[in-house]
Amino acid sequence: MVLFIIFALATLVAGFYGFYQTKKLISTEMIDVDFGKIIKKTLIYDAIVAVCLTVMSVGIVVWKSFPVDGLHWFKLIAGALSFAFALTTAIHFFIYYYYGKNIDETWKKKIFYSFIGLFVAAFLALFLWLDGFAPYLTYPLVNGISFDKGFVNPTGARPNIAFYAICILSGAILVYFMCDHFMYKEYKVHGILESTFFVAFPAGIIGARLWYCIGDGVPIQDWIKIWQGGLTILGGALMGIIVGVAWFLWKNKKYSIWVAVDLIVPTILIAQAVGRFGNFFNCEVHGLTTSVDNFKWLPEIIRNNMMYSERAGYAPEGMMYVPLFFIEALVNFFGYFVIAHLLGKKLRKITEPGDLAFAYIIWYGATRVIMEPFRHSAYNMGENGYWSWIWSLLFVLVGTLLIIANHVVRYIIKKRKNNYIVQKGDKKLGLVETICFGVIGVGAVIPAIVLMASNSFNEKIGFAPFNIGLMLFALGFSVLLLIVPAVLRLVEARKVKNA
């Protein structure tokens, strides 16, 4: 116990001292600084943190008298060392990259790719470290702290400090700092989004609660009882975006709202991905039971915790609940990079300001369309589980219509002002877009119509033929609508010789 406390404190002290030195450094202009030496010094602090966390982990084993075998000793020590080192170094590099001044471009590029790789390594090492303890822990895991009962898990009292809330808040804070940097790169000013964050985040929580209460039929007198659980990301995202945009327009008139929403809205996927780990601790919003053998690739600690549901109880022997939280988190991370980097950078030629924000609506709607039928029935909302699913379909359609409207309105404005510019290669690009969207859209709509016409309406959400047809129709029709901006580009390009 004493060993654990000593090295827990040492870990915190070493970590905070390293971050203090980093903050102190970036507050200067860093002109004529040998950045190689700075990196080496940073790595020393990070190595100290790694050693302290490792000794602390050994202290836990000794304190609790866990009968750890050789394999799990390796996982515990290797995981603790690599997790602590990778995470602290990644955070240092993140601070250097996003807030450092006058850093040489060569170093800046190295730092960028390093902190991306280190965050991924830290994520993997975290589970390696936790797997060292996995066989010796009690499941379900602790999901928070109760002021009168101490640490609690989903089988006991509700926590006053819930890990679920910490996950949501952590995701929001991470995204705030990312967006603050993006706005700094655009306008060379930090803090533009500070007031917007403090308004949009609580608005999102309120929206998430209201959406859940309406969709799940919660009595009005219980709507305010948020501590009893019940939040829906669809409502949270919608309310947060609407209130955030309105506040930004009011408080930041000199900055472009279109630049802001394209930078900010896609990052909500990152916040949602982090927040989904709250479902892991709460043992909720998972799928049906399946054999543990189907998820051998998952860390042991996740498999073990997914054997319990806070609503359905323990899964049968050799079974677990499908970890939808983990699958959706990965999909959200992937979605962010598709929208922010593929659409936002590689395909920027075919997008208009605002498209990235609207693409978020499509991506998250499509994610929920596919994921909802996989959920355990205890977590489906509305009559027969259709509330979130139908709204997810509408999100896909609305996001697509917003993109179409965005392109058409901008096209009309440019034509009226005689400043529509046809760029080289627009004719070929428009033709390729039209063919691709047309083939994909028709290829989805035709079988969708056949499925719906030949099967009766299904009374419960799931992958029944009619529901599959409805999904295909919504997704296919949305793709077909995207032909509109492609056709506009093609028509204008054909008017210009050799375009």
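Throughout, residue positions are numbered sequentially from 1 according to the sequence presented.
With Lys346 contributing its side chain and Leu343 its backbone, the two residues share no donor-acceptor pair below 3.5 Å. Looking at Asn406, its side chain does come within 3.5 Å of a backbone N or O of Pro353 through a donor-acceptor pair. Between the Asp131 side chain and the Glu300 main chain, a donor and an acceptor come within less than 3.5 Å of each other. For the pair Asp355 (side chain) and Glu352 (backbone), a donor-acceptor distance under 3.5 Å is present. Side-chain N or O atoms of Tyr139 include none that pairs as donor or acceptor with a backbone N or O of Met306 at under 3.5 Å.
Inter-residue side-chain proximity for Pro323 and Phe295 is flagged as met; some heavy-atom pair is nearer than 4.5 Å. A 4.5 Å side-chain heavy-atom check between Phe182 and Thr267 finds at least one atom pair inside the cut-off. Side-chain contact check for Ile302 versus Phe280: some heavy-atom pair is nearer than 4.5 Å. Using a 4.5 Å heavy-atom threshold, the side chains of Leu402 and Val398 count as touching. Residues Leu193 and Met183 have side chains in contact (heavy-atom distance under 4.5 Å, counting atoms from C-beta outward). No side-chain heavy atom of Phe281 sits under 4.5 Å from any side-chain heavy atom of Val142. Under the 4.5 Å side-chain criterion, counting only non-hydrogen atoms from C-beta, Phe337 is not in contact with Leu342. Here the side chains of Ile362 and Ile403 are in contact, with some heavy-atom distance below 4.5 Å.
Applying the ring pair (Phe, Tyr, Trp, His ring centres under 6.0 Å) rule to Phe197 yields the partners Tyr176, Phe201; only residues at least two apart in sequence or on another chain are considered.
A distance of 12.0 Å separates CD1 in Ile173 from CD1 in Ile168, rounded to the nearest 0.5 Å. The CD atom of Glu328 lies 6.5 Å from the OG1 atom of Thr367; values are rounded to the nearest 0.5 Å. Expressed to the nearest 0.5 Å, how far CG of Leu141 lies from CD1 of Ile301 amounts to 5.0 Å. Atoms NZ and OG1, on Lys345 and Thr351 in that order, are 13.0 Å from each other to the nearest 0.5 Å. To the nearest 0.5 Å, atom OH of residue Tyr360 and atom CD of residue Gln272 are 3.5 Å apart. Atom-to-atom distance recorded for Leu431:CG and Ile435:CD1 is 4.0 Å, nearest 0.5 angstrom.
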Test side chain to side chain contact (heavy atoms under 4.5 Å, CB included) applied to Asn252 and Ile192, step by step: CA-CA 8 Å; Asn252 300 285; Ile192 297 173; 3.9 Å; yes
Residue pair Tyr314, Met320: steps toward the side chain to side chain contact (heavy atoms under 4.5 Å, CB included) verdict: CA-CA 8 Å; Tyr314 288 95; Met320 60 178 281; over 6 Å; no
Worked check of side chain to side chain contact (heavy atoms under 4.5 Å, CB included) between Val487 and Phe437: CA-CA 11 Å; Val487 169; Phe437 290 142; over 6 Å; no
ring-ring contact (aromatic ring centres under 6.0 Å, His included) assessment of Phe325 paired with His286: CA-CA 7 Å; Phe325 86 92; His286 47 65; 10.0 Å; no
Audit row: Met471, Phe463, side chain to side chain contact (heavy atoms under 4.5 Å, CB included) steps and yes/no: CA-CA 9 Å; Met471 290 166 59; Phe463 289 108; 3.9 Å; yes
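Across Ala448 and Leu472, no two heavy atoms sit closer than the pair CB-CB, 3.6 Å. Heavy atoms only, all atoms of each residue included: Ala329 and Arg276 are closest at CB-CB, 4.4 Å. Taking all atoms of both residues into account, the shortest heavy-atom contact from Ile241 to Val265 is CD1-CG1, 4.0 Å. Heavy-atom minimum distance, Met239 versus Leu210: CE-CD1, 4.4 Å. Annotation for Cys179 and Ile264: closest pair SG-CA, 3.7 Å, computed over non-hydrogen atoms. Listed here is the closest heavy atom pair of Gly244 and Ala200: CA-CB, 3.8 Å.
For the 3.5 Å distance criterion, the side chains of His376 and Ser309 fail to qualify, holding no donor opposite an acceptor. Asn143 and Asn153 share no donor-acceptor pair across their side chains, judged by distance under 3.5 Å alone. Using modelled atom types and a 3.5 Å distance limit, the side chains of Glu492 and Tyr411 yield a donor-acceptor pair. The closest side-chain donor-acceptor pair between Glu284 and Tyr321, if any, does not fall under 3.5 angstrom.
Between Phe83 and Phe127, the gap from one ring centroid to the other reaches at least 6.0 Å. Aromatic ring centroids of Phe112 and Phe115 lie under 6.0 Å apart.
The aromatic rings of Phe248 and Tyr255 sit tilted, their planes meeting at an angle between 30° and 60°. Ring pair Trp297/Phe326 is tilted by interplanar angle, where 30° to 60° counts as tilted. In this structure, Phe477 and Phe473 have parallel ring planes: the angle between them is below the 30° cut-off, well short of the 60° mark.
Within a 6.0 Å sphere centred on CZ of Phe334, other residues, nucleotides and ligands contribute 12 heavy atoms or fewer. Around the OH atom of Tyr113, the shell of radius 6.0 Å holds no more than 12 heavy atoms that belong to other residues, nucleotides or ligands. Within 6.0 Å of NZ on Lys417 lie no more than 12 heavy atoms contributed by other residues, nucleotides or ligands.
Salt-bridge formation is detected for the pair Asp262/Arg348: a Lys NZ or Arg NE/NH1/NH2 atom is positioned less than 4.0 Å from an Asp or Glu carboxylate oxygen. Ion pairing between a basic and an acidic side chain is recognised when a charged N comes within 4.0 Å of a carboxylate O; Arg489 and Glu433 show such pairing.
Taking the centre and axis of the six-membered ring of Trp258, the NZ or CZ atom of Arg410 falls inside the cone set by 45° and 6.0 Å.
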